[in-house]
Amino acid sequence: VTNVLSLLKGRSGKMVDLGSGDGRIVLEAYKQGFHPAIGYELNPWLIKLSYFFAWRAGCYGKVSYLKKNLWKVTLADCSNVTVFLAPSVLSLLEAKLLDELPDNARVVAGRFPFPSWKPSCIVGEGVDRAWSYDIKEVRIQNAQSTSCGTAV
């Protein structure tokens, strides 16, 4: 959690955690000034646990945990996105994020990096490692890599 949020330091606005699990990242993001702070999770038990942790921290009603499929959530207004997802999901998620996020968005991946994106920063070691990606830079990298193979 600490490494993921350190990569969002100095940023503000809406923060979304895709696959929010027990809600720790959303809760800590709210405490660090991200508003709104929203977690999307499919497991109803983890959503209940997240709300319990929010209540215990005095943040109930100030953070949101929603039972929604990340593939059906619109991310066009998100400037800060965090993910702790398996590599097989990350490869599929790349296209959705590039299609929907604004240029000023930053995506932070914990534990596993996005397979075809070059990170702007990496912190931590082992299971605590996190990677940040600035969407504008990822788009530029993708445009450069696809133009390299075309004839002039």
Side-chain angles (χ1 to χ4, degrees), residues 1-44 46-47 49-51 53-54 62-150:
V1 175
T2 303
N3 287 337
V4 168
L5 289 171
S6 75
L7 293 171
L8 294 175
K9 192 170 180 89
R11 296 179 60 85
S12 61
K14 183 176 183 177
M15 195 290 303
V16 170
D17 188 15
L18 302 176
S20 59
D22 65 9
R24 288 180 293 163
I25 289 177
V26 173
L27 190 55
E28 196 56 40
Y30 174 80
K31 290 176 182 177
Q32 291 186 20
F34 290 94
H35 303 127
I38 302 167
Y40 293 110
E41 175 59 54
L42 286 176
N43 185 323
L46 287 174
I47 293 171
L49 182 62
S50 298
Y51 275 118
F53 287 149
K62 298 174 183 174
V63 294
S64 298
Y65 301 99
L66 305 173
K67 185 178 186 245
K68 290 197 175 181
N69 185 326
L70 68 87
W71 303 109
K72 296 179 180 177
V73 172
T74 301
L75 301 171
D77 65 339
C78 299
S79 53
N80 305 286
V81 177
T82 60
V83 296
F84 269 84
L85 299 168
S88 59
V89 178
L90 292 175
S91 63
L92 300 170
L93 188 57
E94 287 179 348
K96 177 179 175 61
L97 296 174
L98 285 174
D99 286 345
E100 295 183 19
L101 290 175
D103 272 347
N104 69 337
R106 177 172 293 166
V107 178
V108 178
R111 195 151 301 153
F112 300 107
F114 281 91
S116 61
W117 291 0
K118 182 181 175 194
S120 32
C121 189
I122 303 170
V123 296
E125 296 296 327
V127 296
D128 293 325
R129 186 167 248 194
W131 296 259
S132 70
Y133 306 89
D134 292 320
I135 290 300
K136 185 174 183 179
E137 292 302 314
V138 173
R139 286 187 176 122
I140 291 168
Q141 292 164 11
N142 282 1
Q144 290 172 344
S145 68
T146 56
S147 66
C148 290
T150 55

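All residue numbers in this chain count up from 1 along the given sequence. Note: hydrogens, waters and symmetry copies are ignored here, and every other heavy atom, side chains too, is used.
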Quick check: does any side chain N or O of [X] sit under 3.5 Å from a backbone N or O of [Y], one acting as donor and the other as acceptor?
| X | Y | result |
| --- | --- | --- |
| D134 | K136 | no |
| E41 | I47 | no |
| N43 | L46 | yes |
| N3 | D128 | yes |
| T82 | V108 | no |
| R129 | I122 | no |
| R111 | V127 | yes |

Can you tell me how far [atom2] of [Y] sits from [atom1] of [X], rounded to the nearest 0.5 angstrom?
| X | Y | atom1 | atom2 | answer |
| --- | --- | --- | --- | --- |
| F84 | D17 | CZ | CG | 8.0 Å |
| S120 | K118 | OG | NZ | 9.5 Å |
| L8 | R106 | CG | CZ | 7.0 Å |
| Q32 | K9 | CD | NZ | 7.0 Å |
| L49 | S20 | CG | OG | 10.5 Å |
| L75 | S79 | CG | OG | 11.5 Å |

Handout entry: Test applied, side chain to side chain contact (heavy atoms under 4.5 Å, CB included); reference residue, V83; option that passes from L70, V16, L90
Key =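 So the option named by the test is L90.
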
Problem - Enclosure of K96 NZ (heavy-atom neighbours >12, cutoff 6.0 Å) - result: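 Yes.
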
Shortest non-hydrogen contact from [X] toward [Y]:
| X | Y | result |
| --- | --- | --- |
| S50 | G21 | OG-O, 3.2 Å |
| F112 | A86 | CD1-CA, 4.3 Å |
| A105 | C78 | CB-O, 3.7 Å |
| K14 | I38 | CE-CD1, 3.7 Å |
| A76 | P102 | O-CD, 3.4 Å |
| L27 | A54 | CD1-CA, 4.0 Å |

Problem - Residue pair F34 / R11, side-chain heavy-atom distance below 4.5 Å - result: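 Side chain of F34 against side chain of R11, heavy atoms only: contact under 4.5 Å found.
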
Practice task
Taking the side chain as every heavy atom from C-beta outward, state whether L93 and W71 have any atom pair closer than 4.5 Å.
Solution key: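 Yes, their side chains come closer than 4.5 Å.
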
Practice task
Can you sort out the partners of Y51 under ring pair (Phe, Tyr, Trp, His ring centres under 6.0 Å), two or more places apart, ordered by chain and number?
Solution key: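 With neighbours one apart ignored, the set is Y60, Y65.
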
Problem - F114: partners by ring pair (Phe, Tyr, Trp, His ring centres under 6.0 Å), with sequence neighbours left out - result: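 Ring pair (Phe, Tyr, Trp, His ring centres under 6.0 Å) check on F114 returns W117, Y133.
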
Problem - Qualifying salt bridge (Lys or Arg N to Asp or Glu O under 4.0 Å) pairs with a residue from residues 18-36, counting only residues at least two apart or across chains - result: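 Residue pairs with at least one partner in residues 18-36: D22-R24.
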
